[in-house]
2 protein chains.
Amino acid sequence: MSGGFILVADDEPAISELICTSLEMSGFQTRRAANGQIALQMTINDRPDLVILDWMMPMLSGLEVTTRLKRDERTSDIPVILLTAKAEEDDKIRGLDAGADDYVVKPFSPRELTARVKAVLRRSGGSDTEKPLEASGLQFDPTNLVCRINDQPVTMGPTEFRLLEFFLRHPNRVYSRSQLLDRVWGGNVYIDDRTVDVHIRRLRKAISVDDHERMIQTVRGAGYRFSPDFKSEV
Amino acid sequence: MSGGFILVADDEPAISELICTSLEMSGFQTRRAANGQIALQMTINDRPDLVILDWMMPMLSGLEVTTRLKRDERTSDIPVILLTAKAEEDDKIRGLDAGADDYVVKPFSPRELTARVKAVLRRSGGSDTEKPLEASGLQFDPTNLVCRINDQPVTMGPTEFRLLEFFLRHPNRVYSRSQLLDRVWGGNVYIDDRTVDVHIRRLRKAISVDDHERMIQTVRGAGYRFSPDFKSEV
DNA sequence: ACCCGCTTTCATAAAAATGTCACAATACCG
DNA sequence: CGGTATTGTGACATTTTTATGAAAGCGGGT
């Protein structure tokens with residue numbers, strides 16, 4: 001699973017090597033920058049999911065890079081973790097003031113840094129502010145990953161769950177198998193079209209309470225359509 | 001001891017640092033948000049026990065955030081303290097009118113703020129209350145560190161105890177392993193996600209009397225959920 | 001320094017989900 | 001009414017995720 005793409009900027013190769021290795025072991029992709037100038041460039045060009053900056057770097061300090069990244073609207077949403085040898089409380093405030101999302105004091109354990117990376121990504125990223133959805137007695141709670149029909153919980157696999165969520169958000173419209181693959185599975189997957197059939201079937205089976213599986217209609221030669229108000233359509 | 005989990009929203013890092021530090025010294029866990037938008041998101045996602053909002057913030061003012069939180073049934077029960085530089089009586093009324101539970105004028109002493117936080121939590125029956133909790137025959141007494149099932153005492157380690165307390169206070173909701181680490185272990189600890197599994201297992205074993213372990217459900221790919229009335233759902 | 005209880009990590013077993021396939025069922029067309 | 005194209009289904013190998021037992025760590029007392 002691609003945990004994300006992280007830019008590591010440290011002028012000491014030994015340290016950036018250490019960091020990158022441990023991040024890669026946790027499933028992240030990494031790229032290195034040897035100084036602040038390069039780090040800034042690469043961040044703007046590549047838009048990594050997170051940037052780790054050493055405070056003390058030639059050309060441009062980590063602090064300075066942070067400030068610039070946060071001032072540029074193209075990059076201000078990219079989380080930054082500052083690395084520093086200084087343990088001063090005052091520096092911490094300066095770091096956070098510049099807009100850093102976290103602050104790690106050297107020496108640090110690779111494990112700690114990885115954990116912080118995950119924590120920052122978690123906090124800055126996913127915000128499922130979704131309220132439950134509802135359609136013809138089918139209640140769908142994306143936050144709790146729960147789906148009920150007439151208050152009876154129904155169970156399904158994660159993929160079927162995402163598929164149902166997509167349908168609920170895009171009702172009354174036909175989607176081809178490849179469209180569904182793109183939108184539910186994600187862009188760059190190489191999966192057989194027909195696999196969608198199988199998941200459709202699993203989803204139908206899962207919601208086959210009180211005829212709710214009829215909400216998912218097969219459109220021959222085109223794909224599938226979800227109709228919340230299937231009952232009146234007969 | 002876990003006095004509760006508090007979200008601090010202020011766009012000035014120096015101030016949020018000050019607030020967080022003093023709250024942490026009083027045994028609270030804290031998290032920061034740099035603007036109103038983020039504060040709103042985090043409150044909905046993380047359900048802190050209390051939110052401290054600066055009135056003047058970029059993106060979304062503290063007042064606006066208060067209004068929205070109180071209007072959303074998912075968050076309307078979370079107490080809010082508004083911080084403001086304005087001392088106008090009129091503002092105070094507007095703040096309380098929006099649903100804020102208390103109102104503190106800058107500059108304030110950390111001591112005062114902490115005291116107000118405690119007061120608000122006490123008043124709203126917040127998380128630092130020590131009254132016993134109960135769920136489907138499982139009695140939980142935080143004061144005496146005792147847990148019983150059908151009046152039979154059950155024993156568990158301290159961590160499992162805190163975990164159970166958290167679940168009892170936040171039922172029917174999925175929490176990821178990282179979220180549980182943040183909220184049960186505390187924000188500044190960095191341990192492996194999988195460790196949670198082990199504690200879940202020990203907690204399950206501990207309460208596996210009369211099928212009570214079924215209250216803790218595994219949500220594949222997401223985390224765990226505590227459902228007090230799982231038994232009746234079958 | 002040593003023990004003891006608890007926590008964390010690790011290795012491995014077990015369970016669940018996923019993607020494919022072969023074949024059955026069904027719809028469409030002339 | 002075939003014939004053909006398309007979709008439905010059950011089975012299965014593989015991959016991913018979780019459960020579990022055991023060992024290593026850690027910190028507080030004695």
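Every chain is numbered from 1 and lettered A, B, ... according to where its sequence line falls, protein lines coming before strand lines.
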*Summarise protein proximity over nucleotides 19-30 of chain D in one line of letters, 5' to 3': B for base, S for sugar-phosphate only, - for none, counting protein heavy atoms closer than 4.0 Å.*
BSB---------
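- Here A/Ala34 pairs with nothing under the side chain to side chain contact (heavy atoms under 4.5 Å, CB included) rule; sequence neighbours left out.
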*Using the side chain to side chain contact (heavy atoms under 4.5 Å, CB included) rule, take B/Ile200 and B/Phe167 through it: C-alpha gap first, then chi angles, then the decisive distance, then the call.*
CA-CA 11 Å; B/Ile200 288 283; B/Phe167 276 141; 3.8 Å; yes
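- With values rounded to the nearest 0.5 angstrom, A/Asp46 atom CG is found 5.0 Å from A/Phe5 atom CZ.
- Nucleotide D/dT7 holds its C1' atom 16 Å from the NE2 atom of A/His199, rounded to whole Å.
- Using a 4.0 Å cutoff to heavy atoms of chain A, the contacted part of DNA chain C runs 5' to 3' from C/dT9 to C/dC28.
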*Step by step, work out the side-chain hydrogen bond (donor to acceptor under 3.5 Å, both in side chains) result for A/Gln139 and A/Arg148.*
CA-CA 5 Å; A/Gln139 305 143 265; A/Arg148 295 164 193 275; 5.7 Å; no
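- Counting any heavy atom pair closer than 4.0 Å across all strands shown, B/Thr159 reaches sugar-phosphate atoms only and no base atom.
- A/Thr21 and A/Glu17 share a side-chain donor-acceptor pair at under 3.5 Å.
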_Let's go through B/Asp77 and B/Arg47 carefully: what are the C-alpha distance in whole Å and the side-chain angles of both, what is the deciding distance for salt bridge (Lys or Arg N to Asp or Glu O under 4.0 Å) to 0.1 Å, and is it a yes or a no?_
CA-CA 10 Å; B/Asp77 58 317; B/Arg47 281 197 62 77; 2.9 Å; yes
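- The residue among B/Asp192 and B/Met156 whose nearest nucleotide of DNA chain C lies closer to the 5′ end is B/Met156.
- Using cut-offs of 30° and 60° for the angle between ring planes, the B/Trp185 and B/His199 rings count as perpendicular.
- A/Val154 pairs in a side-chain contact (heavy atoms from CB on, under 4.5 Å) with only one of the listed residues (A/Val146, A/Ile149, A/Leu164), which is A/Ile149.
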